[in-house]
> 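Structure provided below as structure tokens; questions to follow.
Because the structure is predicted, anything quoted here is derived from the model rather than measured. Whatever order the structure lists them in is the order used to number ligands and atoms, beginning at 1.
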Amino acid sequence: MSLNVIPKPNTVEYHGGYVWLDENEVTYKTNEHYPDEYYCIEITKGETIITTRGEKGKYYANLTLKQLDECGKAPICKITDLPAFSYRGFMIDSARHMQTIPEIKAYIEAAARYKMNTFHWHLCDDQGWRIESEKYPELNEIGSFRNGWGFGNPDTSKYGGYYTKKEIKEVIDFCHERFIDVVPEIDMPGHTTSIIATYPELSCRGERIDVKLEGGIFRDILCAGNDAVFDFCYGLLDEVIELFPDECIHIGGDEAPKARWCNCPKCQERIRVEALRDEEELQGWFANKIIAYLEAKGKKVLAWNESLNSGILNNNTIICDWMDKNHKSEEYANRGGKIIVEDFYHYYLDYEYGMTPLKKTYEYNPYLPDLDFTGRQNVLGVEAPIWTEYVEDFDRMSYMCFPRLIAVAESGWTNEKNKNYNDFRARVKNQKDYLLSLGIKMADEAAWDPGLNVRRKVMTDRLKSILNPAMISVTLFPNKDED
Ligand code: ACM
Ligand code: ZN
């Protein structure tokens with residue numbers, strides 16, 4: 001027997017028989033010894049008793065009860081439930097394509113229903129800056145717009161915009177009402193074309209460049225040898241901290257080619273003065289300076305796994321493991337560092353079902369192969385990003401993310417031993433109408449686990465689409481200084 005609840009509760013004792021839930025009186029009790037996210041629901045004839053430490057557990061208990069209530073009739077049982085992981089995140093890329101505030105809220109509402117608790121908001125990248133800035137208004141005038149829709153679209157009208165502080169606060173409040181923290185990402189030193197297009201003097205060459213119209217990895221990054229770059233970053237982060245009150249800030253650190261740093265007198269002087277080994281260590285030094293600044297303001301910092309390549313990263317940093325062929329995240333966790341798993345091959349929701357079928361996403365558990373006993377304790381949880389280079393509207397986003405986001409949510413909450421794919425599939429089918437009520441059109445069941453022929457074709461098409469010369473050049477020769 002399985003309850004029609006997602007994520008699947010961890011312990012259910014059945015006591016025989018059924019009740020109509022709406023005929024039951026609900027009583028709330030508290031127990032200060034329980035963990036924050038724990039809840040206990042006892043359904044008896046005539047009464048439903050919910051016991052939690054406080055409001056958060058009560059919120060999760062009611063989410064479970066609401067899903068049970070959609071069938072009206074519930075088994076007489078006792079549910080005791082606690083999440084497998086403390087971090088259960090979803091990331092939305094609003095830089096490549098923007099979503100409207102109601103669309104973002106609909107996505108959050110769905111993630112909340114499945115007991116996710118962190119919204120990582122990717123708000124700036126090479127293709128656009130999306131936060132209103134009063135301190136640097138030019139970021140909104142220049143960095144927030146590109147000369148066309150981009151990503152291969154022929155449209156030449158300007159594309160872009162940004163979220164006002166009022167809108168961002170509205171989203172944060174909406175999250176907090178659902179016990180969701182908001183982690184803004186300010187990616188640096190790479191993926192900063194929208195900043196450099198606004199302030200070319202912050203790059204090594206100081207040349208004017210445009211906000212990008214295509215995806216990829218770009219060589220112009222923030223200059224690590226220029227003190228003005230740090231003054232700018234600190235000023236910007238002060239404004240971000242004021243807007244985003246939760247504890248964590250993500251500082252990116254992914255995909256930063258070193259070509260410009262290799263040829264920049266200021267960066268080379270920095271390496272000499274700080275006695276750094278090379279440009280990779282310079283990135284670690286850059287990150288550590290920003291982290292020290294944020295820590296002094298009481299913040300915890302998240303960064304993508306490339307930040308570990310320097311070997312000198314501040315070990316309070318929470319590492320977001322997405323693509324780590326050298327297993328540095330595992331070494332980091334084994335040494336005591338905290339990590340969040342957002343594995344590219346399983347949790348990147350912008351890749352077709354042909355590449356990442358629902359079953360593959362569901363059956364993945366975030367215990368990376370080289371983790372030892374200590375390392376496993378240091379996995380804080382899971383996160384699923386939706387990158388939006390090729391996700392232009394909310395219908396596409398809904399199709400790509402649902403039901404795969406729900407699978408990630410269940411892996412974040414339900415213990416590995418309680419997961420079962422066929423059981424999950426049966427429960428997830430029932431989510432269609434609820435999601436539709438939020439404006440989310442979940443992918444049809446036929447799309448979830450394509451056969452081998454479809455998978456082969458999708459993988460070949462995808463490979464062709466990413467084999468663009470600019471990408472190959474930066475990937476194979478990241479230190480070669482060419483345009
Ligand atoms: C990433 O996908 N560049 C984190
Ligand atoms: Zn430089």
Side-chain angles (χ1 to χ4, degrees), residues 89-93 95-96 120-127 183 185-193 195-196 199-207 212 215-230 232-233 250-274 276 278-283 285-287 289 302-309 318-325 328-329 339-351 355-356 383-391 466 471 474-475 478-479 481:
F90 55 101
M91 191 213 83
I92 299 178
D93 170 7
R96 275 55 178 261
H120 165 190
W121 203 354
H122 187 81
L123 281 160
C124 46
D125 215 301
D126 299 301
Q127 298 81 6
V183 180
E185 181 181 348
I186 310 300
D187 202 344
M188 59 180 81
H191 285 291
T192 40
T193 306
I195 296 175
I196 294 170
Y199 304 113
E201 65 276 17
L202 299 180
S203 69
C204 292
R205 302 196 302 182
E207 285 177 13
K212 295 291 179 190
I217 302 172
F218 302 100
R219 288 195 170 90
D220 284 300
I221 66 175
L222 296 176
C223 175
N226 181 353
D227 289 337
V229 165
F230 293 94
F232 169 80
C233 290
H250 199 307
I251 59 164
D254 57 323
E255 300 178 326
K258 304 298 183 301
R260 301 296 188 244
W261 287 5
C262 287
N263 291 304
C264 169
K266 284 187 196 151
C267 286
Q268 292 306 312
E269 178 66 0
R270 182 80 79 196
I271 289 175
R272 195 185 64 73
V273 170
E274 298 294 335
L276 301 169
D278 56 10
E279 290 73 22
E280 205 58 70
E281 230 178 58
L282 181 57
Q283 186 176 341
W285 179 87
F286 184 111
K289 242 174 114 67
L302 277 68
W304 297 110
N305 60 255
E306 288 96 319
S307 306
L308 289 172
N309 292 344
I318 298 170
I319 289 299
C320 298
D321 174 277
W322 74 279
M323 170 94 71
D324 178 23
K325 295 217 161 34
K328 291 201 184 299
S329 309
I339 66 168
I340 293 161
V341 176
E342 358 201 339
D343 187 74
F344 171 88
Y345 297 99
H346 298 87
Y347 286 176
Y348 266 41
L349 304 182
D350 50 316
Y351 285 81
M355 279 188 68
T356 312
E383 180 171 296
I386 178 70
W387 299 99
T388 58
E389 287 93 333
Y390 302 101
V391 179
I466 57 174
M471 240 348 214
V474 179
T475 310
N479 296 338
D481 202 352

> Students should be able to answer this: which protein heavy-atom is nearest to atom 2 (O) of ligand 1, and at what distance?
Y348 OH, 2.6 Å

> Near E255, which atoms of ligand 1 are under 4.0 Å from a heavy atom of that residue?
3 (N)

> Are W304 and H120 an aromatic pair by the rule of ring centers under 6.0 Å?
yes

> Provide the closest heavy-atom pair for P257 versus P478 in the form atom of the first, atom of the second, distance.
CB-O, 3.5 Å

> Which heavy atom of S203 sits nearest a heavy atom of C223, and at what distance?
C-CB, 3.8 Å

> Thinking salt bridges, do E269 and K266 make one under a 4.0 Å N-O criterion?
no

> Does this structure show an ion pair linking R270 with D227, if we count only N-O contacts that are shorter than 4.0 Å?
yes

> With heavy atoms under 4.0 Å as the rule, classify the contact between M323 and ligand 1 as side chain, backbone, both or neither.
neither

> Please give me the protein atoms (N, O or S only) lying under 2.8 Å from the Zn ion (ligand 2), ordered by chain and number.
C204 SG, C223 SG, C264 SG, C267 SG

> Given N226 and E201, is the side-chain contact (heavy atoms from CB on, under 4.5 Å) satisfied, shown in steps?
CA-CA 9 Å; N226 181 353; E201 65 276 17; 5.7 Å; no

> Where's the contact between W387 and ligand 1, heavy-atom distance under 4.0 Å: side chain, backbone, both or neither?
side chain

> Of the non-hydrogen atoms in D126 and G216, which two are nearest, and what is the gap between them?
OD2-O, 4.2 Å

> Which of these, D321, D125, D254, has its nearest heavy atom closest to atom 3 (N) of ligand 1?
D254

> On a heavy-atom basis, which atom in F230 and which in A224 lie closest, and how many Å separate them?
CE1-O, 3.7 Å

